[in-house]
Amino acid sequence: MLDSTYMPYNPTEIEKKWQKYWKDQSIFTTEDNTEKPKKYILDMFPYPSGSGLHVGHPKGYIATDIFSRYYRMCGYRVLHPMGWDAFGLPAENYAIANKVHPRVAVEKNVQRFKEQLEIIGFDYDWDREINTTDPQYYKWTQWIFLQLLKAGLAYESHEPINWCPVDKTGLANEDVENGRCERCGALVELRPMRQWVLKIRDYAEKLIDGLEELDWPHSIKESQRNWIGRSEGALITFKASNIDLSVFTTRPDTIFGVTYMVIAPEHELVERLLVSKAVKNAEEVREYVEQTKNKSELQRKEDEKEKTGVEIKGIQITNPATGEKVPVFVADYVLMGYGTGAIMAVPAHDERDFAFAKKYNLPIREVISAGELPSIADGKLVNSGEFNGLPSEEAKKKITQWLQEKGIGEAKVDYKLRDWVFSRQRYWGEPIPIIHCETCGVVPVPEKDLPVELPAVEHYEPTGTGESPLANIEEWVNVSCPNCKGSAKRETNTMPQWAGSSWYYLRYMDPKNTDVLVDKEKEKQWMPVDMYVGGAEHATRHLIYARFWHRFLYDQGYVSTSEPFMRLQHVGLISGEDGRKMSKRWGNVINPDDVVHEYGADTLRVYEMFMGPFSSGAMWSTASIRGARRFLERIWEIAEKPINKEEVSDEVNLALHRTIKRVTEGIEQFRFNTGIAAMMELVNVLEKKDFSREVIQNFILILSPFAPHIAEELWQKMGNTESIAYHPWPKYDGKLLSEADVTIPIQINGKVRGELTVAAGADQGTVESKARELPNVQKHLEGKEVRKVIYVQDRLLNIVVS
RNA sequence: GCCGGGAUGGCGGAAUGGUAUACGCGCAGCACUUAAAAUGCUGUGGCCGUAAGGCCUUGUGGGUUCGAGUCCCACUCUCGGCACCA
């Protein structure tokens, strides 16, 4: 019978109690003690949308919470902060839809998010909370932009860019998915516009090389490599009497197969040729160029199958390899955005050129022997003069060298990565700190005048004209030039949502000291981030942009590490019970507040970590969450059991140490599901066996990162007066584990016919003779000849018979 | 099309080349209850068998090995990323 002090498990009560205790006692204030080793554990900070959190959002935060609590107990000083990525279109659109100022909406949403996070019992140091929309924060976002400008990495461009007609703003390449706006799904148009652009391409090589040293998921590294898209090839200049045409190719070995050339319609050379009078069909060409201009990116992609183009008659270019004169086409299957915007066409060895050549009856000359045409594979060269017989690989080098000697070619590495279109024609973002002066031109705002604050306005809806709503605020726009004091206007474009998140991890190290980007000492104490956790959708946006800015700041000497995030883990999405993405639209949203009220925060935490591998997606299951609650209730009951023994049985002790090992490894490797399974197995043992005080104490310690409230409560009930959060993590006894008896299978011809429990390290003779005594083994050996005996110590015995 | 994952009971999933199906959910039977819920106990991959035990089983087909979910080859399906990228 349970004694009179027995209380049933009541999470509502104890969770409130411990959350208040942690707050009142500042338990999770970041430690300054630099004697301790550090761990910087970071979540991708959310942006506070109007709809609040659903149960999928906290999954990553639960993981970093467990991770940080674990390392704190292991004696590390831990930095585990949280903040708000509050600029950007969603916040602004929400504000417009609900007719409130974005600042007001953000404040309200932050409040709501914070409440939702707090009831889950996270160990965030809220003294370090940051918000990208705080002028003291974005002052430094603007400052970084000025440093990029100073370093020649920011420039104004008037090239056509992606324009979203619904969101009424320009977009970066990364914001376009299959020709549609990533955010709203509208078809993206091409618009020539004045834009601020960052030269991320200059960092392509460094961004690829830097991936080497990172402990990131393979898939993310591959995505980034893919996105940056490095290819090695040659830059070759083709000459005609009046023009030079420069092309990039990865297949210089096919140069003898060039039978025509193609220029993208947007190529500036087209216009130059048309005015030169050498062109006989200028009208026709001009018409084609006009036609393609009106095609959107998407239309161009849809037209993929049917290649179109028009020959520029009267112009011929000499193939330097053959000496042959070849025609020149304008065709939109050649993109202005990659390489030089012009290609040497090798129809025999390129599928696109092949299709085009077929359609326009152009010669197709095989120069690589590699099967049926068009063949894109490497092979041996044919029809290639002195290079005949060489394999492609070697020919690429030799031909490039030969072209170089002739002064018309060189080896060249090119990238798919586009420069970063950095301006948005919207209100809710960091103003770009630039002043346009009538006499001095582009003038950076002096650093002492930062931040350039976003003015308070009544109307912040997008204008749709390609100008930011800020352009209408005359008293803000009109300023005097910092150089000549003459009349000047502010830049009215704002920065993209990704700006503030490209350096926020630096601000957490010293959030109050906004006089510097980051304190040098503090930066050295904490960087790099040891564990970064967030969604996979950021693979080619945030994670590339942040690496780019960080690498730039490193090159400029502002930070001490070349990479910001050493280890990265992905959160797998939680979908609704119907298997669909959790969304209002499907009515399948599960609110974490409701789960906490019904089952408790500890149950939510344990359940989400137990659902499956951390980076895999999982479906929410209201039926399954009961299992997590039962697990905690059983622990509660076990802790109520009177302690009968101070001496521990070997069996229980072994079970405990096995569990400590598995939980320890589970946390370090982000395999929380198997860690929890290990603890469940221990519960199964402790329910049936007597155990000492030490056993249950150690169990509560390893449970505490997962279910901190119940752990603190039980810890206190056992007479401890200090928070469990800083109690040393138990160590498992490796010797105990390796010396324990082992049960090994006895196989005959690889089939299990029995098992034996023997002392660890038992020798073959002992095991074999014991095995031969087993009746079932004898039965299977009868009348058979033993050919071979395989013995793996502590693992198995396999008798091979014929 | 190219690049990268993945496929294990009714379900989520576990397994350094060494007893496949741990742990949980669900389900069934039993106990408690007037009853239900909750809780506890027992069972739970398939087939044969009263049992002991046997045979089969990790998407498909081959291979390496004493031994393969795990390694190799070919394929099917599936999920992500990229895609007229020269």
Side-chain angles (χ1 to χ4, degrees), chain A residues 177-178 217-231 233-234 247-251 254 262 264 300-307 331-335 337-346 349-353 355-356 376 414-418 536-537 539-540 570 606-607 610-613 615-628 630-631 633-634 637 662 671 673-684 687 743-756 775-776 779-780 787-792 794-801:
Chain A
E177 262 174 17
N178 295 320
H218 178 74
S219 62
I220 288 269
K221 290 206 212 179
E222 278 308 305
S223 289
Q224 290 214 348
R225 286 198 185 100
N226 219 311
W227 187 262
I228 297 167
R230 181 181 200 276
S231 32
V247 305
F248 176 71
T249 178
T250 55
R251 296 297 301 274
T254 63
V262 189
R300 269 173 86 146
K301 277 178 184 157
E302 276 170 355
D303 291 350
E304 209 171 292
K305 288 146 244 153
E306 188 59 25
K307 302 215 175 344
D332 68 356
Y333 83 90
V334 170
L335 306 175
Y338 185 73
T340 62
I343 60 155
M344 59 177 222
V346 186
H349 306 292
D350 182 282
E351 284 166 2
R352 297 150 299 176
D353 297 345
F356 191 82
I376 53 167
D414 208 350
Y415 302 91
K416 281 195 264 187
L417 185 70
R418 306 282 90 217
E537 68 274 17
T540 51
H570 270 162
V606 168
Y607 174 60
F610 188 63
M611 288 175 90
S615 355
S616 306
M619 260 190 271
W620 186 263
S621 160
T622 301
S624 298
I625 194 169
R626 288 226 51 87
R630 269 198 282 264
F631 166 62
E633 282 172 357
R634 289 161 75 192
E637 297 299 326
R662 288 172 66 190
R671 293 155 53 116
N673 55 331
T674 56
I676 291 169
M679 289 191 283
M680 287 174 168
E681 286 178 53
L682 184 62
V683 166
N684 290 339
E687 273 179 342
T743 300
I744 64 170
I746 309 301
Q747 300 181 338
I748 291 163
N749 285 353
K751 289 196 185 296
V752 181
R753 300 300 178 186
E755 58 174 44
L756 275 180
N776 200 37
K779 190 174 121 195
H780 285 273
R787 285 291 163 105
K788 199 175 182 183
V789 178
I790 313 279
Y791 178 63
V792 184
D794 300 343
R795 299 250 53 138
L796 93 166
L797 182 78
N798 185 14
I799 303 171
V800 184
V801 299

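First the proteins, then the strands, lettered A, B, ... as listed; each starts at 1.
Note on A:Asp350: nothing from the nucleic acid sits closer than 4.0 angstrom, heavy atoms only. Counting any heavy atom pair closer than 4.0 Å across all strands shown, A:Gly627 reaches sugar-phosphate atoms only and no base atom. Using a 4.0 Å heavy-atom cutoff across all strands shown, A:Asp353 reaches no nucleic acid atom at all. When heavy atoms are screened at a 4.0 angstrom cut-off, A:Asn684 is found touching the sugar-phosphate backbone but no base atom. Across all strands, A:Ser231 comes closer than 4.0 Å only to sugar-phosphate atoms, never to a base (heavy-atom distances). Across all strands shown, A:Gln747 has heavy atoms under 4.0 Å from base atoms, whether or not it also approaches the sugar-phosphate.
With sequence neighbours excluded, the residues forming a side chain to side chain contact (heavy atoms under 4.5 Å, CB included) with A:Arg795 are A:Val792, listed by chain and number. Not counting sequence neighbours, the partners of A:Glu687 by the side chain to side chain donor-acceptor pair (under 3.5 Å) test are A:Arg634. Applying the side chain to side chain contact (heavy atoms under 4.5 Å, CB included) criterion to A:Thr250, with sequence neighbours excluded, gives A:Ser231, A:Phe248. Among residues two or more places apart in sequence or in another chain, the ring-ring contact (aromatic ring centres under 6.0 Å, His included) test is passed with A:Tyr607 by A:Trp620. Annotation: side chain to side chain contact (heavy atoms under 4.5 Å, CB included) contacts of A:Arg352 (sequence neighbours excluded): A:Lys307, A:Tyr333, A:Asp350. In this structure, the salt bridge (charged side-chain N to carboxylate O under 4.0 Å, His left out) partners of A:Arg662, at least two apart in sequence or on a different chain, are A:Glu681. Checked against side chain to side chain contact (heavy atoms under 4.5 Å, CB included), A:Glu177 has the following partners two or more places apart in sequence or in another chain: A:Glu182, A:Arg541.
One interatomic measurement links the two molecules: CD of A:Glu537 to P of B:C79, which rounds to 19 Å at whole-angstrom precision. Atoms CZ (A:Arg630) and C1' (B:G26) sit 10 Å apart, rounded to a whole Å.
Applying the 90° cutoff around 0 to the glycosidic angle, B:G13 is assigned anti.
Judged by atom type and distance alone, A:Lys416 does not reach the base of B:C82 through any side-chain donor-acceptor pair under 3.5 Å. Applying the 3.5 Å distance criterion, the base of B:C82 shares no donor-acceptor pair with the side chain of A:Asn226.
Only the P atoms considered, B:C77 is 16 Å distant from B:G59, to the nearest whole Å. Straight-line distance between the P atoms of B:G69 and B:G18: roughly 10 Å, to the nearest whole Å. The gap from the C1' atom of B:A14 to that of B:U58 amounts to 12 Å, rounded to the nearest Å. To the nearest whole angstrom, the two P atoms, one in B:U21 and one in B:G6, are 22 Å apart. Going from the C1' atom of B:G45 to that of B:G9 covers 5 Å, rounded to whole Å.
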Where do N or O atoms of nucleotides 45-51 of chain B meet protein N or O atoms at under 3.5 Å, pair by pair?
none

Under-3.5 Å N/O pairs linking protein and nucleotides 13-16 of chain B:
from, atom 1, to, atom 2, distance (Å)
B:A14, OP1, A:Asn673, ND2, 3.1
B:A15, OP1, A:Arg671, NH2, 2.1
B:U16, O4, A:Arg795, NE, 3.4
B:U16, O4, A:Arg795, NH1, 2.8

Got a list of protein N/O to nucleotides 4-6 of chain B N/O distances below 3.5 Å?
from, atom 1, to, atom 2, distance (Å)
B:G4, O3', A:His218, NE2, 3.1

Polar atom pairs (N or O), protein with nucleotides 42-44 of chain B, under 3.5 Å:
none

Extract from the structure each pairing of a protein N or O with an N or O of nucleotides 55-59 of chain B at less than 3.5 Å, listing the distance.
from, atom 1, to, atom 2, distance (Å)
B:C55, OP1, A:Arg753, NH2, 3.2
B:C55, OP2, A:Arg753, NH1, 3.2
B:C56, OP2, A:Lys751, NZ, 3.2

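A salt bridge links A:Arg225 to A:Glu222: one of the charged nitrogens lies within less than 4.0 Å of a carboxylate oxygen.
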